[in-house]
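Remarks on the structure that follows.
Chain naming here is simple, since letters A, B, ... match the order of the sequence lines and numbering starts at 1 in each.
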There are 2 protein chains.
Amino acid sequence: MGEIQRPGALYQQVAAEIRKAITAGEFPPGAALPSESQLIARYGVSRPTVRNAVAALRAEGLVEVVHGKGSFVRFTAQPQLTVDRRITQDRSGRFTAADGAQWDHVEEPAVQRTQTTTATAAALEVEEGEALFACDRLLSDPATGTRVLHRTLIPFATAEGTDLADAPDSEPVVVYGVLAEAGHALTWTETVQARMPLPDERATLQIPDATPILHTLRITHGNDHQPLLLEEFRVSADRAQLTYRINADKPATRRRSRA
Amino acid sequence: MGEIQRPGALYQQVAAEIRKAITAGEFPPGAALPSESQLIARYGVSRPTVRNAVAALRAEGLVEVVHGKGSFVRFTAQPQLTVDRRITQDRSGRFTAADGAQWDHVEEPAVQRTQTTTATAAALEVEEGEALFACDRLLSDPATGTRVLHRTLIPFATAEGTDLADAPDSEPVVVYGVLAEAGHALTWTETVQARMPLPDERATLQIPDATPILHTLRITHGNDHQPLLLEEFRVSADRAQLTYRINADKPATRRRSRA
DNA sequence: ACTCAATACTCGTCATGACGAGTGACGTCA
DNA sequence: TGACGTCACTCGTCATGACGAGTATTGAGT
């Protein structure tokens, strides 16, 4: 696997040979590597050694193995989908997500009533165990098939007295609209992490070997920077990348103050 | 390895048992797992099976193995370091990175003269092969020891006629200042990707098993949204997370236009 | 009391052998 | 001609055995 070994290890040498052959063009992307028995013959080593070498290449994301068929050189995966994380608001006050994608719903949104965990309670600045709506969506980009797991957490305190109490499964941009109607000046904070997927995430997001997921938390802040809403966003990192727009913040104390 | 197998596989069952024991608290974070021979006795399986099971847990990032010592439960790695990607500009026009960290230089900045590759040329919207300065830094956060690889690419066209031609290894915020002095209104675009590290990145960034890296490209835009400068930012994803501030974009056509 | 070598543990590597499971092609039979 | 079973090939799993390499403890010798 990935640990740093002395390069003298036989399987490391075999892995290096195969890697060289791949980069030299002997095995272009998509091509089948020699089968295990052929590699055994070619390098004069035993099967565990060959399997160990292939496992190393697989862990690097260079090679993909299919049971019953063989090993194949993976296409160098530059993410095809760029998700623009900007938010725009038109003159009528409607919010729009800047990523152009029109996401398909793979499944119907599923709403639950749950409670905050330690992590989400901290992010929302509420007591642990606070009641909230959780709405899960499994989305798909029709152009690339890229899947996205999206979860919206709406604390009861936020939903109370708004349309959200009746329709907690509204689209996020609609939720923003409702909160803005309620008199909030909205800003957002996003936190981006990457980690290896859990087994169930691998399945639902169709994540290949040696591929991390991008895990994003978006907190919607209202007046006084009060956290109102938390969204979670998970996507396979070989399919998607995130873009952000940064503008220079001016210090708070300014001559020209608005309003 | 990570592939989806029938759960009936013996090593999967063993892995599940160990996983359960860990989450049940029998082996708290930092504790040593039973040795391979003990696991062989405990579950009545052979060594390859035990090793396969431990390898699966390692790939999940749940367990860390040290040669000659044993296997240990990894501390649930919530990134300790949050890197704030905002940029602020004070009244005198000086730029500041919003991440509070005072980065130490592990090595002196290394400047090279190189040419754009396909990827960087596209990002900078110039011809491939264009000449540029490349300045590499290996930084370290003194509080957590988190290492960051940072690279600044300054096209000759940008450096020309400014102080950057003589000091291409200036701190990024200083570079921003120089460009602003030259009459540019700066904005930035960041693209975040995650992927598994290359072997040399594993070494220099001290990245543990089953840990991806966060790979960020920051493009500095000048007047007319013209790309001036490209920065690259690589960090171990188990140590750091990135935060962004999002404000709603208003449509361009507005009554109140700023001079 | 200290040094350092022997030792007993740990995991890492490699070989051999066997069988199960998935895939695809080929050939037989209806 | 078509359906379907056989077969050869792939990788996946599991066991046994052996030795190398790293770590820590123990204990003998100084």
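Regarding B:L39, its CG atom lies at a distance of 16 Å from the C1' atom of D:dC14, rounded to whole Å. Taking atom NE2 of residue B:H67 and atom C1' of nucleotide D:dT23, one finds them 9 Å apart after rounding to whole Å. Straight-line distance from the CG atom of B:L10 to the C1' atom of C:dG20: 13 Å, rounded to whole Å. Look at CG on B:L57: it is 13 Å from P on C:dC11, rounded to the nearest Å. Distance B:E64 CD to C:dT10 P: 18 Å, rounded to the nearest Å. The nearest whole Å value for the distance from the CD1 atom in B:I40 to the C1' atom in C:dG12 is 14 Å. Taking atom CD of residue B:Q12 and atom C1' of nucleotide D:dC14, one finds them 14 Å apart after rounding to whole Å. We find that CZ of B:F72 is positioned 11 Å from P of D:dT23, with the value rounded to whole Å.
Judged by distance alone, with hydrogens and angles left aside, A:R51 brings no side-chain donor or acceptor close enough to the base of C:dT16 to form a pair under 3.5 Å. Donor-acceptor pairing under 3.5 Å, judged by distance alone, is absent between the side chain of B:R47 and the base of D:dG17.
A salt bridge links B:E36 with B:R51; the closest basic N to acidic carboxylate O contact falls under 4.0 Å.
Taking side-chain N and O atoms only, B:K69 has a distance below 4.0 Å to OP1 or OP2 of D:dA24. Applying the 4.0 Å criterion to OP1 and OP2 of C:dT10, one finds that B:S71 has every side-chain N and O outside that range. Distances shown here put every side-chain N or O of B:S46 at or beyond 4.0 Å from the OP1 or OP2 atom of D:dC14. One finds a side-chain N or O of A:S37 lying less than 4.0 angstrom from the OP1 or OP2 phosphate oxygen of D:dT10.
Within 4.0 Å of A:V54, counting heavy atoms only, lies no atom of the nucleic acid at all.
Mapping A:V45 and A:V66 onto DNA chain C by nearest heavy atom places A:V45 at the nucleotide closer to the 5' end. With the nearest nucleotide of DNA chain D identified for both A:S35 and B:T49, A:S35 has the one nearer the 5' end.
With values rounded to the nearest 0.5 angstrom, B:E60 atom CD is found 12.5 Å from B:D209 atom CG.
The one candidate from B:K20, B:R42, B:R19 that meets the salt bridge (Lys or Arg N to Asp or Glu O under 4.0 Å) condition with B:E26 is B:R42. A side chain to side chain contact (heavy atoms under 4.5 Å, CB included) with B:V235 is found for exactly one of B:V148, B:D141, B:L149, namely B:V148.
Taking the six-membered ring where the residue is Trp, B:F233 and B:H150 present perpendicular rings, their angle passing 60° and hence far from 30°.
With C:dC11, C:dA15, D:dT13 as the choices, the nucleotide that has an atom nearest any side-chain atom of B:V65 turns out to be C:dC11.
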